[in-house]
Amino acid sequence: MAVPRQPLRRRRARVALLGAAVLVAVAAAIAWATRPGAPPSDGGPAPIADVEADSRAQPGAGEHAAAPGPATGERRRDADRATRVPDVPAAWQRIHDQAARWPAPDDAPDVGTETDLPTVPAARMRDTIGVNVDLWRTEWGYRDFAGIVRRVEELNLRHARVNMQSRATFGLARMQQLGRAGVRLDVIMGDAYGRYDTAPFSELERRLHASVLPYVDAVEGTNEADLAQQAGWVRAAREHQRQVVGAVAGERADPIGVIAPSVGRFASIEALGDVADLADAGNAHAYASGEEPGAALGQWLDALSGQVPDGPTIVTETGFMTDTRQRKGHTPTSEQAAAAYVPRTILEAIRRGVPQVYLYELADRWNDPFGVDTAAHFGLLDERLRPKPAWDALVRLQRALLDDGRPDADVEPVRATIEAAPHDLRVLALRHRDGTVALALWRAAKVWSPEQDRDLDVPVEPVRLRLPADVGGALATDLVTGDRRRLPSGERMELELTGAPVVVTGLPPSG
């Protein structure tokens, strides 16, 4: 049947109006979801004298060894128990040099031979774990900064990577809040092109010294200048880095670390070249893009070996995007896969002599109902500060191994015989200040298929170690599931591993 022209035009008009209404509704929903909150009414940063008083109280907080908990092999925890390292660049170098004396991190286990396991002070765990925290964000979870601080304290976080701005002041007050919670700061000192409210550099330098320096362990140069798509980005990054070095030149008696500029593309590492005259450590953004994290770390560390030759590298960004609806820019993983990969990233970094790893990032930016923002989904917490499985796994790792003391100290190695193990087994021993031992065991196994967008079932593999002491009563914790069990008496420790790391705590002192 023929349709009269006038009704057809009306129908088309109605369809067009409906489409426009839908577009307006979608735009309004996005605007509502991403709207900024009001700037916090915190009154601005505290006077520097108060900050210095806080700082003077911190170094003595970690001078007493933590005592074993009653009949559990665990330890009494206290959020501010951590020894401040007053010579950060030297500590980084010692950690790098210690790992260089161990077997190659990707070597298969030496089965059947008694050997010294790579061993670090248990304090290394807390000193390695860092998180990127966007202190200038005011929407969603970041509106509730008291909630952010509570999560930081729950994790017993020791290090946060933050950025400096030149206009608003509430971010400075937030830096001080983190500092009072026992967090040491790595401060990104602006941008080579003055973007993101980071100009002039003189104001960033003034703010660093006037408001937050007593809480600062490190500063770093411009972030991913190669992504600015400017032909002269290498020169701009180097010139900016000279300003960063000059900003902390007066702190060399109680030295803080200077980290090189970061790059966003693997191919840009060679272009930036050797920056040893401008930095104490290289800078890696070692994203695994859905793959097993040890391989990505190894590739970045190898490529960056010429940035500060024979020196350490800090991983200032790494993490896992958990929105499996999209693949723009980053390959996703499931939240369950990230729960295995995040603690394994920390363990792999320690095994490779990386002094600090800053996970990207603390919380999702927003709920992103339409799946349009890849960068919104890297959080260990969701947009309402609710834990994802990776957060829970990281908390278990941290709580199992909390200890005080120098993270770069030389400790007596742990001797053991690996009697049975898969080829991809990795083992790290950690010695507490009271001499007791913990073992972290994991496999370099893929738990996620980026090609198929699905979790992988990792076959169970038996692991058997013989230690020169009775392991009875030690506690084995699966970091992903939280399952725990006591080990039976005897010198043999038997476990079954899949893709989830396991930490065994409460092992007796042994050589």
Side-chain angles (χ1 to χ4, degrees), residues 36-48 50-59 61-62 77-82 84 125-165 168-188 207-208 211-218 319 342 356-366 378-388 390-399 402 404:
S41 57
D42 48 37
I48 193 67
D50 294 343
V51 176
E52 290 174 339
D54 287 343
S55 178
R56 285 193 295 271
Q58 284 187 351
R77 310 305 186 195
D78 193 309
D80 63 357
R81 294 176 62 85
R84 176 177 172 264
M125 182 57 63
R126 188 181 187 190
D127 206 62
T128 300
I129 297 172
V131 178
N132 281 264
V133 185
D134 191 346
L135 302 182
W136 304 93
R137 191 172 291 279
T138 59
E139 65 269 31
W140 290 96
Y142 279 94
R143 293 179 178 179
D144 177 18
F145 198 71
I148 294 282
V149 173
R150 286 193 295 273
R151 288 300 189 189
V152 162
E153 291 173 340
E154 176 188 358
L155 183 57
N156 288 282
L157 185 66
R158 184 60 171 167
H159 293 282
R161 181 178 183 245
V162 300
N163 62 308
M164 185 68 77
Q165 290 190 2
T169 62
F170 66 88
L172 300 176
R174 288 176 166 190
M175 291 183 203
Q176 293 177 349
Q177 285 180 265
L178 290 181
R180 288 192 293 272
V183 177
R184 308 297 302 171
L185 304 177
D186 165 31
V187 181
I188 307 169
R207 289 178 168 214
L208 177 75
S211 298
V212 297
L213 190 64
Y215 299 129
V216 174
D217 266 0
V342 164
Q356 262 112 49
V357 176
Y358 292 91
L359 298 165
Y360 190 85
E361 57 184 326
L362 182 68
D364 285 350
R365 295 180 182 180
W366 61 302
F378 278 89
L380 296 164
L381 307 168
D382 72 9
E383 75 284 352
R384 299 190 185 277
L385 306 185
R386 295 172 298 198
K388 296 182 186 179
W391 172 269
D392 294 330
L394 195 64
V395 168
R396 293 183 189 112
L397 176 66
Q398 180 79 292
R399 290 181 177 176
L402 271 179
D404 55 2

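Bear in mind the structure is a predicted one, so any value in this text is a computation, not a measurement. When reading the values below, keep in mind they use all heavy atoms of this one structure, side chains included, and skip hydrogens, waters and symmetry mates.
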Those residues that, when tested against [X], pass salt bridge (charged side-chain N to carboxylate O under 4.0 Å, His left out) (two or more places apart):
X    : result
D217 : R184
R384 : none
D144 : R150

> Have D186 and H159 got a donor and an acceptor in their side chains that come within less than 3.5 Å?
Replying inline: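 Note: D186 and H159 side chains miss the donor-acceptor criterion.
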
> Which residues pass the ring-ring contact (aromatic ring centres under 6.0 Å, His included) test with Y360, sequence neighbours left out?
Replying inline: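 F378.
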
> Y358: what forms a ring-ring contact (aromatic ring centres under 6.0 Å, His included) with it, not counting sequence neighbours?
Replying inline: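 Expected list: none.
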
> Who are the side chain to side chain donor-acceptor pair (under 3.5 Å) partners of R396, not counting sequence neighbours?
Replying inline: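 Result, side chain to side chain donor-acceptor pair (under 3.5 Å) vs R396: none returned.
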
>> Is the shortest side-chain heavy-atom distance between M175 and M164 below 4.5 Å?
In response: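 Contact flag for M175/M164 side chains = yes.
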
> Given side chains that start at C-beta, do those of R126 and L402 come closer than 4.5 Å, heavy atoms only?
Replying inline: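 The answer is yes; the side chains approach within 4.5 Å.
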
> Given the side-chain rings of Y142 and W136, with only the six-membered ring counted for Trp, is the space between their centroids under 6.0 Å?
Replying inline: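 No: the rings miss the under 6.0 Å criterion.
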
>> Tell me every residue that passes side chain to side chain contact (heavy atoms under 4.5 Å, CB included) with E383, counting only those two or more places apart in sequence or in another chain.
In response: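 E383 satisfies side chain to side chain contact (heavy atoms under 4.5 Å, CB included) with W140, D364, N367, R386 once adjacent residues are dropped.
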
> Is a salt bridge present between R137 and E139, judged by a nitrogen-to-oxygen distance below 4.0 Å?
Replying inline: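 Salt bridge flag = yes for E139 with R137.
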
> Among L135, D134, V187, whose side chain to side chain contact (heavy atoms under 4.5 Å, CB included) with N163 holds?
Replying inline: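 That would be D134.
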
